[in-house]
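These notes are about the structure you will find just below.
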Amino acid sequence: MPRPSPDLVPERPELSDAVWLDVLSAVDRTYADLVDYQERLESQNAELEAMRRFLGSILASTSDVLIVTNRQGLVEEMSASLATLTGRPLASLQGGPVTGLFVQEHVPALDAAIQTVARERRPVMIEAALATGSGPSELELSLAPRFDERGRVAGLVLTGRPVGELRRTYAALERSHAELMAAQAQLVRNEKLASLGRLLAGVAHELNNPISFVYANAHALERYSGKFQTYFDRVQAGATREELVRLREELKLDREVKNLRDAVQGAREGAERVRDIVEDLRRLSADGSGESASFDLMETAKIAASWVLRGARSPVQVRFEGADSVMAFGRRGHIQQVIMNLVQNAVDALDGRPDGLVRVTAKDEGERVSLSVHDNGPGVPQDAEGAIFDPFFTTKAVGKGTGLGLSISHKIVEEHGGELRLLPAGPGGGATFRFDLPKGTAS
Ligand code: ADP
């Protein structure tokens, strides 16, 4: 169909208006889209810029060396510390092979590490020296794979810390470790002093009895000797027989002769008790560092318990059960200390209960011997069971417990080839600690 000439097209003003409106609104929409797009672009740019600044600040301030490479091992990013270490501007390092930063002789090892990271997709640690203006600078280097969004290895991240700095850190660590050991040794000494204090309280209390006994008897002896002196003076002065008989009755000399013997006997017993106490103490200190030998575990337990009880604030009943005599092999003084610790803990747990009872049982177990200390106190709470053998674990008031008694005792028993354990609570409750030792021979 032939096209009508423009002159022949009838004029339709309403149609051209509508077209114009459509065009204008399309332009409006496009413009709005453009503005929106521009805004989004700007905000994304701002985010990118913030991210870049953030990364830049990390790269600028990290004291460790940080290098990011692409898959070909060419440097993409690095920390400012690398420029400081190598003495070369960052721009001159960018884009070059990462291996070029290190001394020649370490390159094969570095290459091998890079291959391993790419192949096994896991970090690898090596030591390598950076080539710097002032000679090689040893780094403890970690190489880690960097992945792209599809999980493929996109390059590497190398982080390195100067070995010198690491050595300084290790030295500082070693120093604080030594300080801690010294503090621990001091605390062990404190615990020893605390046990010594408890022992001395017992010694003082125990010596007090026989000494006052000796003292009272000596006083009585003095009184008797005065009476005999009077009598002998009268004999010397030539008194008549009747007078002497009367004086003898008056001074009750017959009774006093018997009293005199009792007083001498009492003083001797007191002195012997003092001698025994001193002997116990001497043995405790001598056996503490002495050689291992056979000894009677039950006898040692009795001595240990008596020392604790002498220092106890309120009386506690202690019952010895099992065999009368059980021979063990070890350092008697050390084992006495262990038993003293266990009995002391039992006495502390009973805390003056009127029905408090400590049962100490020694048993011959065939190849070995054992001793258990049981108390009918509150027992060890379940949540503390795992911690009681830890050094410094204590539930006692400040100044009362150091928390070292059980850990030292555990170690002493271990040194004897035995084991100190808290037994599971029985139906009667309370706490039972038990340890075993090699069997000794009767002398
Ligand atoms: P310390 O007696 O100085 O606290 P120990 O190492 O001897 O140190 O004991 C550690 C903790 O174990 C005590 O504080 C206490 O909580 C607990 N314990 C030890 N023996 C008993 C016991 N017979 N009954 C209850 N708890 C105990």
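Note that the structure is predicted; figures quoted are calculated from it, not measured. Start at 1 and go down the list; that is how both ligands and their atoms are numbered.
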Mind listing the N or O contacts between ligand 1 and protein, cut-off under 3.5 Å?
residue, atom, partner, partner atom, Å
ligand 1, 2 (O), N345, OD1, 3.0
ligand 1, 2 (O), K396, NZ, 2.6
ligand 1, 3 (O), T402, N, 2.9
ligand 1, 3 (O), G403, N, 2.8
ligand 1, 4 (O), T394, OG1, 2.5
ligand 1, 6 (O), G405, N, 3.4
ligand 1, 6 (O), L406, N, 2.8
ligand 1, 7 (O), N345, OD1, 3.4
ligand 1, 7 (O), N345, ND2, 2.9
ligand 1, 7 (O), L406, N, 3.3
ligand 1, 8 (O), G403, N, 3.4
ligand 1, 14 (O), T394, OG1, 3.3
ligand 1, 14 (O), T395, N, 2.8
ligand 1, 14 (O), T395, OG1, 3.3
ligand 1, 16 (O), T395, OG1, 2.4
ligand 1, 23 (N), D375, OD2, 2.9

### Message
Tell me whether the rings of H410 and F389 are parallel (<30°), tilted (30 to 60°) or perpendicular (>60°).
### Response
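Answer is tilted, since the angle falls between 30° and 60°.
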
#### Entry: salt bridge (charged side-chain N to carboxylate O under 4.0 Å, His left out) partners of residues 70-79, not counting sequence neighbours, each pair once
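Listed once each, the pairs are E76-R146.
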
### Message
Per the side-chain hydrogen bond (donor to acceptor under 3.5 Å, both in side chains) rule, what does the pair list look like for residues 45-59, sequence neighbours excluded?
### Response
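Those involving residues 45-59 are E49-R52.
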
Show me the side-chain donor-acceptor pairs of residues 221-231 shorter than 3.5 Å, one per line, residues at least two apart or across chains.
residue, atom, partner, partner atom, Å
S225, OG, L221, O, 3.3
S225, OG, E222, O, 2.8
K227, NZ, L251, O, 3.4
K227, NZ, E256, OE2, 2.6
Q229, NE2, D233, OD1, 3.3
T230, OG1, G226, O, 2.8

### Query
Between D296 and S325, is any side-chain donor less than 3.5 angstrom from a side-chain acceptor?
yes

### Query
For F320, is the NZ or CZ atom of K302 found under 6.0 angstrom from the centre of its six-membered ring and inside 45 degrees of the ring axis?
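Verdict for F320: a cation-pi partner in K302.
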
